[in-house]
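Just follow the structure's listing: the first ligand is 1, and inside any ligand the first atom is 1. Predicted, not measured: the structure shown is a model, and the values here were computed from it.
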Amino acid sequence: MSSRLVVISNRLADLNKPAAGGLAIALGGVLRSGGGVWLGWSGNIVPYQDENSVACTTVGNVDFLSIDLDEGEHQGYYKNYANGTLWPLLHQRVDIAVFDSSSEKIYRSVNKRFAHALLSVLREDDVIWIHDYHLIPLAEELRAAGVMNRIGFFLHTPLPPPATLSVLPNHEWLLSSLFACDLVGFQSNEDRVNFLSYVQIYFGDEAVDGSTVTRRRRTIVGSFPIGIDVDSFQAVAQSPAAQAMCAGMREEYSKRKLLIGVDRLDYSKGIPQRIRSFGAFLHSFREFRRSATLIQIASPSRDDINAYAEIQRELESLCGSINGDFGELDWMPIRYIHKTLNQDELAGLYQAAKVALVTPLRDGMNLVAKEFIAAQNPYKPGVLVLSKFAGAAEQMREALIVNPYDTESTVHAIHRALVMPLHERQERHRALLATIKRYDLHWWCKGFLHALTRPESKHDYSIKS
Ligand code: G6P
């Protein structure tokens, strides 16, 4: 890509941190190679906000632009509308979504601020890539300010079916603002189809032609399942810190089978359902009492939002009751850990585990599923139990696919994973590893930017592996 890339996301990545997330690693690579800009929220909440203030830090040939939010903006845009309205709606939890028009107004005005912050540095041939649900109307704001550049938007969360989307007050405004983009990308084909169906229902059949929407301009709609950087995660898994973690866990669990769950503590992740299924498994398969342990890592997240505080309480009581029912002096069935582990620790844990339970109720993609596969020893791999409601399930078909709402079938999948013969584990792992290597983070990044900058080239916009 010869043009300069401009990335905009709610959270501003810190490319200098060794623990920078996958997104930062992939986009950071492109930004560094051609020069570019990353605009985001600084993470600061200030008492009073001068709406035009933008800070800029330059690292090499990348400019990091950041804006602060004042308390009202943080509450209305981030906590209420993005995380209290859109997040549950997008994950099909309309029962806990909160709708209020004043937060919607603040969300709109913060999006406008992002647009204005960008205008001061934007060049004519920059290519703009907007990320995630915090910034859905941003492209429209940029067009309103006269921006003619190519603009792509990628949604990291799932997109629900039209009936769910229609619950949102002013949903036509929000979703049609994406027509200002040249490319709209989703994690899965299901999300892509949901968007196209929504457009057909609310904007007419003539608005959709195959994989493009023609309203204000020609908008390509594609699925671009995000991947991980397999090579670099495998290198982390071989690091001394990861190996030490793995050896320590193996020693501690030498006579036991270790299952793991690793999630942000979020109601979309299905953690209580998973814990209940594990309890039901111990109830049905007595021979695994004293020998199977589930370590559940739940990293703290958004804990000043009610629904998050509630799920934390629910989990504490659920784990306590299962440990009370089945625990012995020398064995506790569940170790629930409410903290964030670093990459080395996680990679070590993945290697020591026999089974990973990745069972969200809804998830855009779920990269834990991919990291677990990348970290396995191919000669003695562990088994992935994966929810059919994670975007990853469209690609990772050789996992044991479960419906996390169906306790009985999840119990049987846990059992099957624990007794699976070695040759079957190897075969499944080989196929899964090939998939995540082929569709890795660089493939995702290149594929999206290719579709954005060379729209005329032949490309399969309904990617399925
Ligand atoms: C999800 C979203 C991201 C978000 C992350 C952490 O993965 O798709 O956009 O940054 O959760 O949530 P937070 O609210 O802490 O940014």
Side-chain angles (χ1 to χ4, degrees), residues 7-15 17 19-28 38-45 66-69 73-93 96-98 103 107 110-111 114 129-138 153-160 184-188 191 224-228 262-271 297-309 311-312 338-341 346 358 360-371 389-392 441 444 448:
V7 173
I8 315 170
S9 61
N10 174 55
R11 291 213 183 251
L12 190 61
D14 183 348
L15 299 189
K17 271 197 192 150
L23 187 65
I25 293 167
L27 296 177
W38 194 320
L39 167 67
W41 168 40
S42 63
N44 297 333
I45 305 161
S66 64
I67 57 173
D68 297 335
L69 296 178
E73 288 174 329
H74 180 246
Q75 180 80 30
Y77 150 78
Y78 173 75
K79 275 177 69 178
N80 293 357
Y81 198 78
N83 287 333
T85 303
L86 292 181
W87 180 269
L89 180 93
L90 295 167
H91 290 84
Q92 303 203 34
R93 287 297 308 272
I96 54 169
V98 179
S103 300
Y107 174 81
V110 172
N111 269 268
F114 269 86
W129 188 355
I130 302 169
H131 291 265
D132 231 353
Y133 59 101
H134 314 85
L135 301 172
I136 296 175
L138 178 56
F153 172 85
F154 184 79
L155 186 69
H156 289 256
T157 69
L159 190 84
V184 175
F186 296 99
Q187 296 273 26
S188 72
D191 302 329
F224 302 85
I226 195 168
I228 61 165
V262 176
D263 308 83
R264 241 182 351 93
L265 182 45
D266 193 293
Y267 48 79
S268 62
K269 303 290 183 185
I271 312 175
I297 311 289
S299 27
S301 180
R302 308 177 193 163
D303 40 20
D304 49 354
I305 297 176
N306 241 343
Y308 288 78
I311 189 124
Q312 187 178 331
H338 184 213
K339 72 172 193 185
T340 304
L341 300 190
L346 281 178
V358 180
L361 304 179
R362 280 287 151 197
D363 213 336
M365 176 52 57
N366 198 298
L367 296 181
V368 169
K370 297 186 174 183
E371 289 177 352
F389 302 120
L441 190 59
W444 170 78
F448 187 93

Query raised in the report: Which word best sums up how the rings of His156 and His131 line up, parallel for under 30°, tilted for 30 to 60°, or perpendicular for over 60°?
Result: tilted

Report task. Give the ring-plane orientation class for Trp41 versus His74, where under 30° counts as parallel, over 60° as perpendicular and anything between as tilted. Result -> tilted

Could you tell me the residue and atom name of the protein heavy atom closest to [atom], and the distance to it rounded to 0.1 Å?
{"atom": "atom 9 (O) of ligand 1", "result": "Asp132 OD2, 2.6 Å"}
{"atom": "atom 14 (O) of ligand 1", "result": "Tyr78 OH, 2.5 Å"}
{"atom": "atom 12 (O) of ligand 1", "result": "Arg302 NH2, 2.9 Å"}
{"atom": "atom 15 (O) of ligand 1", "result": "Arg11 NH2, 3.0 Å"}

Query raised in the report: Would Asp68 and Ser42 satisfy side-chain hydrogen bond (donor to acceptor under 3.5 Å, both in side chains), going step by step from the backbone distance to the final call?
Result: CA-CA 6 Å; Asp68 297 335; Ser42 63; 2.6 Å; yes

Report task. List in chain and number order the residues that pass side-chain contact (heavy atoms from CB on, under 4.5 Å) with Gln92, two or more places apart in sequence or in another chain; answer none if no residue qualifies. Result -> Pro160, Pro161, Thr164, Arg362

Taking 4.0 angstrom as the limit and counting only heavy atoms of [X], give me the atoms of ligand 1 inside it, by number and element.
{"X": "His156", "result": "8 (O)"}
{"X": "His134", "result": "9 (O)"}
{"X": "Asn83", "result": "14 (O)"}

Requested in this report: Using the six-membered ring of Trp87, assess whether NZ or CZ of Arg93 lies under 6.0 Å from its centre and within 45 degrees of the ring axis.
Outcome: no

Query raised in the report: What do we get for Asn10 next to ligand 1 when only non-hydrogen atoms under 4.0 Å count, side chain, backbone, both or neither?
Result: neither

Report task. Using the test ring-ring contact (aromatic ring centres under 6.0 Å, His included), find all partners of Phe186 that sit at least two apart in sequence or belong to another chain. Result -> Phe195

Requested in this report: For the pair Thr85 (side chain) and Val98 (backbone), establish whether a donor and an acceptor sit closer than 3.5 Å, ignoring hydrogens and angles.
Outcome: yes

Report task. Examine Trp87 against ligand 1 and note whether any of their N/O atoms are separated by less than 3.5 Å. Result -> no

